[in-house]
Amino acid sequence: MSPAATPPATHVKTAFPERLALVLGGGGLKGFAHIGVLRAFEERGIRPALVAGTSIGSLIAAAHASGMPVDEMERRALALTKRDLFRIDRLHMVTKRMLSPSLYLAGPLDAVVRDIVPPVTFRSLKVPLLVSTVDLERGAQVIWGLPGLQDVLVADAVYASCALPGFFPPRVIAGRTCVDGGVMDNLPNAIAVQGMDAVIGVDVGSSSMATARRIKDKGFAAIYMRAAQTMMKSLQVSQLATWAGPPLLLVRPPVWHYNWFSFASTRKMIDAGYAAAHDALDRAGEALSSAGGVYPRRTIELTVIREKCIGCTLCVTLAPDLMAMDAEDKARVLESPLEWSRADGDFIHQCPTDAIQVTVVEGNVRTLTMERKIEPE
């Protein structure tokens, strides 16, 4: 049953600041979760003063800023097929070989974008929109929709933001050769803070990764995407760890175990976004009226499974305030319990033997979390 058909649940009433920015991150088709997030926002009467996005996040942000109803977004997502997006550019791969601009043709992606985004400029939108891209020639981030960068077609910027290098050709916009903004910032929270009291960032693909078994046997595209995802994750973790803007509510739908380009789980990803948004909003409390920080925060307990620890010291190097080595050269925890947001604790996933565990404590309930997930074959 879709969220639209589900009887309204009772949610915690939370006051939100008037100047609230919504940032939708990239993640391939995992970005369908953003539609569920928007539905949750709609049900709770939350209307962002500004929306921003990268890659598929920019497409859904543009649809929202253009006034497309959530029901229509959901209908289109459920109807989308592989052939609607991915058609191999066989001609250029044969005639140009290594000089072929991409694996896939631009036409199908361009058609999907233009079917969703009206032929208007950023200046024409009623809801301010920011679209993150990267100028490949300059090696610099370009945020379309900022002052001085508003008089271009929204559809062109969105196409460029979705054009993952190597997969789709770049788009030249106002003389700039632009590609997917995820190359530099897959969840561009920082671009949305100007004049805002709080930010809600929806991360669907950059901060959590499942184990990809036998990745070496899955071909160039899979290996490239895995490397790109690893790079995006590293950049995102660093940016969240040093967040110095207004309060940031981080929504992270549990979609990391889905394939970036899978069309088989659209309904599940939309529902995951819906549930994750409501959960984060229920936990927000007065956080978005605070001075700063990343929320929601949870009480967690850290433990080390001694028989698994090989004494490599990586956890101590990455988190010297929390971890140390004991007399037997085994890792030990310096402080527990802790108050963590979903942006904390990445060092745990770096442990080569998964020897560090996190348990979420909620009242008398303790739940083991941050276990390593495995992508389906």
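We're numbering straight along the sequence, starting at 1. Any value given below was found using the heavy atoms of this structure, including those in side chains, with hydrogens, waters and symmetry copies removed.
- Proximity of T353 to I305: side-chain heavy atoms (C-beta onward) are nowhere separated by under 4.5 Å.
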Side chain to side chain contact (heavy atoms under 4.5 Å, CB included) between V117 and L59, intermediate numbers included: CA-CA 8 Å; V117 181; L59 178 62; 4.1 Å; yes
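- The side-chain hydrogen bond (donor to acceptor under 3.5 Å, both in side chains) pairs that include a residue from residues 46-55 are S55-D180, where partners are two or more places apart or lie in different chains.
- Cluster membership for F168 and I88, using ILVMFWY side-chain heavy atoms within less than 4.5 angstrom, is shared.
- In summary, D282 and R44 engage in a salt bridge, as defined by a charged side-chain N under 4.0 Å from a carboxylate O.
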Are R75 and D71 close enough, and set up right, to give a salt bridge (Lys or Arg N to Asp or Glu O under 4.0 Å), and what steps lead you there? CA-CA 6 Å; R75 183 191 69 78; D71 283 344; over 6 Å; no
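- The closest donor-acceptor contact from the side chain of K82 to the backbone of F263 lies at 3.5 Å or more, if one exists at all.
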Between L334 and D321, is a side chain to side chain contact (heavy atoms under 4.5 Å, CB included) present by the stated rule, with each step listed? CA-CA 7 Å; L334 294 177; D321 294 337; over 6 Å; no
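- Contact of the I270 side chain with the Y274 side chain is not registered, since no non-hydrogen atoms from C-beta on lie closer than 4.5 Å.
- Under a 4.5 Å side-chain heavy-atom cut-off, the cluster of Ile, Leu, Val, Met, Phe, Trp and Tyr residues that includes L105 has no other member.
- When every heavy atom of I60 is checked against every heavy atom of G31, the shortest pair comes out as CD1-O, 3.2 Å.
- Taking a 6.0 Å sphere around NZ of K268, one finds it holds 12 or fewer heavy atoms contributed by other residues, nucleotides or ligands.
- Counting heavy-atom neighbours within 6.0 Å of E72 CD, excluding the residue itself, gives a total above 12.
- In terms of hydrophobic clustering, with Ile, Leu, Val, Met, Phe, Trp and Tyr side chains grouped at heavy-atom distances under 4.5 Å, L149 and L153 are assigned to different clusters.
- I200 and V251 get closest at one heavy-atom pair: CG2-CG2, 3.9 Å.
- Of the candidates F32, F167, Y104, F261 forms a ring-ring contact (aromatic ring centres under 6.0 Å, His included) with just one, namely F167.
- To the nearest 0.5 Å, atoms OG1 (T313) and CG (L318) are separated by 9.0 Å.
- Annotation for V172: hydrophobic cluster partners, listed by chain and number, are none (ILVMFWY side-chain heavy atoms under 4.5 Å, direct or chained).
- Nearest heavy atom pair, residue V202 against residue L187, reads O-CD1, 3.3 Å.
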Table please: side-chain donor-acceptor pairs of residues 61-69 below 3.5 Å, with sequence neighbours left out.
| unit_1 | atom_1 | unit_2 | atom_2 | d |
| --- | --- | --- | --- | --- |
| S66 | OG | A62 | O | 2.7 |

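- From C315, atom SG reaches atom CD1 of I348 across 10.0 Å, with rounding to the nearest 0.5 Å.
- Q141 and T133 are not linked by any side-chain donor-acceptor pair at a separation below 3.5 angstrom, with hydrogens and angles left out of the test.
- Remark: E43 CD to L281 CG distance equals 11.0 Å, nearest 0.5 Å.
- A salt bridge links R76 with D115: the closest approach of a Lys/Arg side-chain nitrogen to an acidic carboxylate oxygen falls below 4.0 angstrom.
- The hydrophobic cluster containing W144 also contains V127, counting ILVMFWY residues as joined when their side-chain heavy atoms lie under 4.5 angstrom apart, directly or transitively.
- R171 contributes no side-chain N or O that, together with a main-chain N or O of A163, makes up a donor-acceptor pair within less than 3.5 Å.
- Across D346, L235, L250, a single residue satisfies side-chain contact (heavy atoms from CB on, under 4.5 Å) together with L240, and that is L250.
- Shortest non-hydrogen contact noted between Y295 and P247 is CE1-CB, 4.2 Å.
- Between W243 and V193, the closest side-chain pair of non-hydrogen atoms falls below 4.5 Å.
- Residue E18 places its CD atom among 12 or fewer non-hydrogen atoms of other residues, nucleotides or ligands, all under 6.0 Å distant.
- The CG atom of N189 sits 8.5 Å away from the CD atom of Q239 when rounded to the nearest 0.5 Å.
- Minimum heavy-atom separation, P296 to R342: CG-NH1, 3.1 Å.
- Under the 4.5 Å side-chain heavy-atom criterion for Ile, Leu, Val, Met, Phe, Trp and Tyr, V304 and I310 are members of distinct hydrophobic clusters.
- The main-chain N or O of K96 is never found under 3.5 Å from a side-chain atom of S100 such that the two would form a donor-acceptor pair.
- Listed for the K30 side chain is no donor-acceptor partner under 3.5 Å among the backbone atoms of M269.
- Nearest heavy-atom pair across Y159 and A106 is OH-CB, 3.2 Å.
- Judged by distance alone, the side chain of R87 and the main-chain N or O of R83 form a donor-acceptor pair under 3.5 Å.
- Side-chain atoms of V361 and P337, non-hydrogen and from C-beta on, never get closer than 4.5 Å to each other.
- Side-chain contacts under 4.5 Å among hydrophobic residues (ILVMFWY), followed directly or transitively, place M184 together with V134, L136, V179, V183.
- With hydrogens and angles disregarded, no donor-acceptor distance shorter than 3.5 Å links the side chain of D135 to the backbone of A140.
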- Task: Apply side chain to side chain contact (heavy atoms under 4.5 Å, CB included) to the pair R114 and D156, showing each step before the final yes or no.
- Result: CA-CA 9 Å; R114 293 186 187 280; D156 281 339; 2.6 Å; yes
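- The NZ atom of K308 lies 6.5 Å from the CD atom of Q357; values are rounded to the nearest 0.5 Å.
- Side chains of V358 and L302 form a contact here, defined as non-hydrogen atoms less than 4.5 Å apart.
- Connection of L314 to F347 is established within a shared hydrophobic cluster, with ILVMFWY side chains joined at heavy-atom distances below 4.5 Å, either directly or through further cluster members.
- Judged as a side-chain hydrogen bond (donor to acceptor under 3.5 Å, both in side chains), the pairs with a partner in residues 116-125 (not counting sequence neighbours) are, in order, T121-S124, R123-Q150, R123-D151.
- Counting heavy atoms from C-beta outward, V131 and F122 have side chains that approach closer than 4.5 Å.
- Here T317 contributes atom OG1 and M323 contributes atom CE; the two are 11.0 Å apart, rounded to the nearest 0.5 Å.
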